[in-house]
Each structure stands twice: as C-alpha cells, then as structure tokens.
Chemist: 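One structure is given below, represented as structure tokens, and several questions about it will come after.
Quick note: numbers below take in every heavy atom, side chains included, and nothing from hydrogens, waters or symmetry partners.
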Amino acid sequence: MNLQRGNFKLYFWNIYMLFSKLNILIIVILSNLLVASILITQDSITYNDLNILLFYGHGVGYFNLMDFLILLVYNGIPLYILSFFLEQDNIDRGFHLTIRIKQKRIWYLSIFGSAVIFIFTYVVVSLIICFIVSCLFGLPLSGYDYGNDLFNYTGVEKINLINLLLIIMTSKILELLLCFLIIFIFFCYTKTAAVGYILLQIIYIICLFDLDFIGYIPIGMSSLGRMSEFVGLSGLSYISSISILSFWVCLLVLISIRSYKRIFN
C-alpha cells in the first residue's frame with residue numbers, strides 16, 4: 001500500500017513538473033510560430049493542407065530547408081523538455097529519495113508513464129492548435145488546395161481527414177516515444193540526457209543522405225514525406241512504418257527496463 005502511494009506521488013509530481021506553466025507556454029508559442037510560418041509562406045491552403053505541411057517532415061535523399069527546420073523544431077520541443085526533465089530529476093534526486101522509494105521500478109514507471117502522457121498531449125495539442133488557427137483564419141476544413149499539387153505529382157490518392165489525423169497521431173506519438181527511450185537509455189549509462197539528444201539530431205541529419213538503408217531508420221519515420229500514401233513508391237507504407245516504429249519501441253522498452261537501475265548505482 002505504501003509502495004502504491006509512493007508510486008502515485010512520484011507519478012503526479014512528474015506530471016506536475018512536465019506540465020509546468022513554462023513548458024506549456026513554450027509548447028503553445030512554438031507550435032503557433034510553426035503554424036504561422038506555414039500560413040505566411042503559403043498563399044492558399046486548407047485545414048488538411050496545414051496538417052500535411054506541419055507534419056510532412058522530411059523524406060530521404062534530398063534537402064528542403066523549411067521542411068527540415070519544421071521537423072527539427074517540432075520534434076525537438078518535447079524531446080528538449082523531456083531531456084531537461086531528466087537532467088533536473090537527476091539533480092533533485094537525493095540519497096533519501098532512493099531509500100524511501102524502496103523499489104526502483106516505481107521511479108521507472110513514473111518516469112515512463114508521465115513521458116507517454118506528455119508526448120500524447122503534445123501531439124493532440126498541436127492538432128488542436130492547427131484546428132483553432134484554421135477556424136480563425138477561415139481556412140476550409142475539408143479538401144485540398146496546396147495538397148492537390150503533392151498528390152497529383154506523386155500519383156497517389158488523397159487522404160480523407162480522419163485517416164490523415166490517425167496517421168499523424170499514431171506515427172508521431174510512436175516516434176517521439178522512441179526518441180525519448182533513446183535519450184532515457186543514454187541517460188541511464190551516462191547520467192546526462194544531452195548525449196542522447198545530440199545523437200538524435202545527428203541521425204536526423206544523416207537521414208538526408210540518399211542511401212538504401214536510411215529509409216528504414218525509425219528516426220524521422222513519422223514524416224509524411226516518407227510514407228507511400230503521400231509520396232508513392234518512393235516511401236514506405238503507413239502499416240510498414242507503424243510496424244517498424246512499434247518494434248523499435250518495444251525493443252527499447254525492454255532495454256530501458258534492463259538499464260534504469262544503473263542510475264541508482
């Protein structure tokens with residue numbers, strides 16, 4: 001009973017830290033800036049187009065500065081906050097806390113659970129911001145304008161709104177969770193989240209090169225620009241992307257379970 005009470009206390013404390021006023025302000029401001037940058041650079045778009053442009057990310061074997069910056073900033077916001085959260089937890093966690101917890105798995109479950117909720121909320125909030133901005137600027141809530149050129153060029157069928165939102169939510173949540181697990185595992189071995197965070201940025205840059213195996217690297221796989229539903233035969237299908245991301249998430253969860261006790265040594 002005491003362990004369960006301690007679990008809930010740590011869990012809600014982590015949620016409180018992750019959803020601080022400063023973090024919420026950072027998310028809302030930067031998300032609005034990303035959406036505003038798209039509205040400024042595009043003359044005529046719909047709500048569907050806005051979602052595609054925000055989550056298009058980057059494909060493999062070419063370079064587009066705007067797409068690449070949006071990908072780095074959008075994915076970097078939650079990962080930076082989570083990295084800072086881990087660093088702060090490492091500073092605040094004293095010897096007395098380690099003794100009081102009794103079981104180290106309580107700490108791990110509270111960290112992992114709060115990170116999942118934070119990532120899920122981040123993606124949902126960004127979609128809500130897109131919807132609100134679309135309403136404020138009078139963007140059509142169905143159909144495509146900018147996206148017509150994309151689908152006509154790639155020769156694939158247009159995606160209806162429900163499927164589009166489903167693709168965005170599931171793939172983005174899985175990739176961000178995957179990235180967090182990479183940061184967390186490096187944190188367990190190096191006692192700092194910076195190593196994992198920097199490694200992820202390097203992998204994003206490597207994904208710009210045109211090499212066969214890069215298309216199967218899970219980092220950046222939530223980019224719509226890497227899915228065949230948007231770019232035709234040059235991309236992986238949504239099912240393949242989700243399967244690869246799910247496999248790596250499960251594998252890294254197992255690795256993280258074997259690694260987290262190291263931080264208490």
Side-chain angles (χ1 to χ4, degrees), residues 27-28 30-39 42 45-60 64 66-79 82 115-135 137 139-151 154 156-180 204 207 215 217-232 234-246 248-249:
I27 290 173
V28 172
L30 290 180
S31 295
N32 276 288
L33 286 176
L34 289 178
V35 173
S37 67
I38 295 173
L39 293 174
Q42 303 299 330
I45 60 174
T46 66
Y47 173 61
N48 293 36
D49 294 328
L50 182 58
N51 281 305
I52 290 177
L53 289 168
L54 181 60
F55 295 96
Y56 193 76
H58 210 284
V60 175
N64 182 291
M66 188 66 179
D67 291 344
F68 189 63
L69 287 178
I70 291 178
L71 172 65
L72 286 185
V73 173
Y74 184 84
N75 286 9
I77 294 171
L79 296 179
L82 288 167
V116 171
I117 291 177
F118 179 76
I119 290 171
F120 175 83
T121 304
Y122 173 73
V123 176
V124 171
V125 167
S126 62
L127 290 172
I128 291 174
I129 289 176
C130 278
F131 178 76
I132 293 174
V133 170
S134 296
C135 293
F137 282 83
L139 302 183
L141 297 180
S142 62
Y144 296 90
D145 194 337
Y146 174 88
N148 277 331
D149 294 335
L150 169 66
F151 290 114
T154 57
V156 298
E157 295 183 2
K158 297 180 178 66
I159 309 296
N160 67 56
L161 180 59
I162 300 300
N163 289 342
L164 174 63
L165 295 179
L166 178 64
I167 289 173
I168 289 172
M169 281 191 61
T170 52
S171 61
K172 186 60 69 176
I173 289 172
L174 279 175
E175 185 190 341
L176 290 177
L177 180 57
L178 168 73
C179 292
F180 168 73
Y204 278 118
C207 288
I217 293 178
I219 306 302
M221 191 164 278
S222 66
S223 298
L224 302 183
R226 289 177 60 173
M227 296 186 187
S228 58
E229 285 81 2
F230 297 87
V231 297
S234 61
L236 291 175
S237 68
Y238 164 72
I239 297 299
S240 298
S241 300
I242 287 296
S243 299
I244 293 173
L245 286 170
S246 299
W248 278 103
V249 167

Chemist: Which value, rounded to the nearest 0.5 Å, describes the distance between Asp49 atom CG and Ile38 atom CD1?
Modeler: 10.5 Å
Chemist: Got Trp248 and Met221 here, is their nearest side-chain heavy-atom distance under 4.5 Å?
Modeler: no
Chemist: Where do Ile27 and Phe118 land on the side chain to side chain contact (heavy atoms under 4.5 Å, CB included) test, with the steps shown first?
Modeler: CA-CA 11 Å; Ile27 290 173; Phe118 179 76; 3.8 Å; yes
Chemist: Identify the heavy atoms of Ile217 and Cys207 that sit nearest to each other, and give their distance.
Modeler: CG2-SG, 4.3 Å
Chemist: Exactly one of Ser126, Ser171, Ser222, Ser223 should register a side-chain contact (heavy atoms from CB on, under 4.5 Å) with Phe55. Which one does?
Modeler: Ser126
Chemist: With a sphere of 6.0 Å drawn around CZ of Phe120, does it hold more than 12 non-hydrogen atoms of other residues, nucleotides or ligands?
Modeler: no
Chemist: Working to the nearest 0.5 angstrom, can you tell me the gap between Leu166 CG and Ile242 CD1?
Modeler: 8.0 Å
Chemist: With a 4.5 Å cut-off on side-chain heavy atoms, are Ile52 and Phe151 touching?
Modeler: yes
Chemist: Is the closest side-chain heavy-atom distance between Ile159 and Phe230 below 4.5 Å?
Modeler: yes
Chemist: Of all the heavy-atom pairs spanning Lys158 and Asn148, show the shortest one and how long it is.
Modeler: CE-OD1, 2.7 Å
Chemist: State, to 0.1 Å, how close Asn48 and Leu164 come at their nearest heavy-atom pair, and which atoms those are.
Modeler: O-CD2, 3.9 Å
Chemist: Quick one, Ser134 with Leu141, criterion side chain to side chain contact (heavy atoms under 4.5 Å, CB included). Give me CA distance, side-chain angles, the key distance, then yes/no.
Modeler: CA-CA 7 Å; Ser134 296; Leu141 297 180; 4.0 Å; yes
Chemist: Counting distance only, does the side-chain N/O of Ser237 pair as donor-acceptor with the main-chain N or O of Ser228 below 3.5 Å?
Modeler: no
Chemist: To the nearest 0.5 Å, how far apart are CD1 in Ile244 and CG in Leu174?
Modeler: 12.0 Å
Chemist: Which pair of non-hydrogen atoms, one from Gly232 and one from Thr154, has the smallest distance, and what is that distance?
Modeler: N-CB, 4.3 Å
Chemist: Could you check whether any side-chain heavy atom of Glu229 comes within less than 4.5 Å of a side-chain heavy atom of Val156, counting everything from C-beta outward?
Modeler: no
Chemist: Identify the heavy atoms of Tyr122 and Leu176 that sit nearest to each other, and give their distance.
Modeler: CD2-CD1, 4.0 Å
Chemist: Does either side chain, that of Tyr238 or that of Thr170, offer a donor lying less than 3.5 Å from an acceptor on the other one?
Modeler: yes
Chemist: Distance check, rounded to the nearest 0.5 Å: Cys130 atom SG versus Leu165 atom CG?
Modeler: 9.5 Å
Chemist: Would Ile129 and Val133 count as a side chain to side chain contact (heavy atoms under 4.5 Å, CB included) if you check the C-alpha gap in whole Å, the side-chain angles of each, and the deciding distance to 0.1 Å?
Modeler: CA-CA 6 Å; Ile129 289 176; Val133 170; 4.1 Å; yes
Chemist: Check whether any side-chain N or O of Asp145 sits under 3.5 Å from a backbone N or O of Thr46 as a donor-acceptor pair, and report yes or no.
Modeler: no
Chemist: CG of Leu150 to OH of Tyr144: how many Å apart, nearest 0.5 Å?
Modeler: 9.0 Å
Chemist: Could you check whether the rings of His58 and Phe68 sit parallel, tilted or perpendicular, using 30° and 60° as the cut-offs?
Modeler: perpendicular
Chemist: Without hydrogens or angle criteria, can the side chains of Asn75 and Tyr204 be said to hold a donor-acceptor pair below 3.5 Å?
Modeler: yes
Chemist: Between Ser37 and Leu34 (side chain of the first, backbone of the second, donor and acceptor by atom type, cut-off under 3.5 Å), is there such a pair?
Modeler: yes
Chemist: Which pair of non-hydrogen atoms, one from Phe180 and one from Leu79, has the smallest distance, and what is that distance?
Modeler: N-CD2, 3.9 Å
Chemist: Side chain to side chain contact (heavy atoms under 4.5 Å, CB included) for Ile45 and Leu39? Distances and angles first, verdict last.
Modeler: CA-CA 8 Å; Ile45 60 174; Leu39 293 174; 3.7 Å; yes
Chemist: How many angstroms lie between CG in Leu245 and CD1 in Ile219, if you round to the nearest 0.5 Å?
Modeler: 8.5 Å
Chemist: Might you confirm whether atom CZ of Phe131 has over 12 heavy atoms from other residues, nucleotides or ligands at distances under 6.0 Å?
Modeler: no
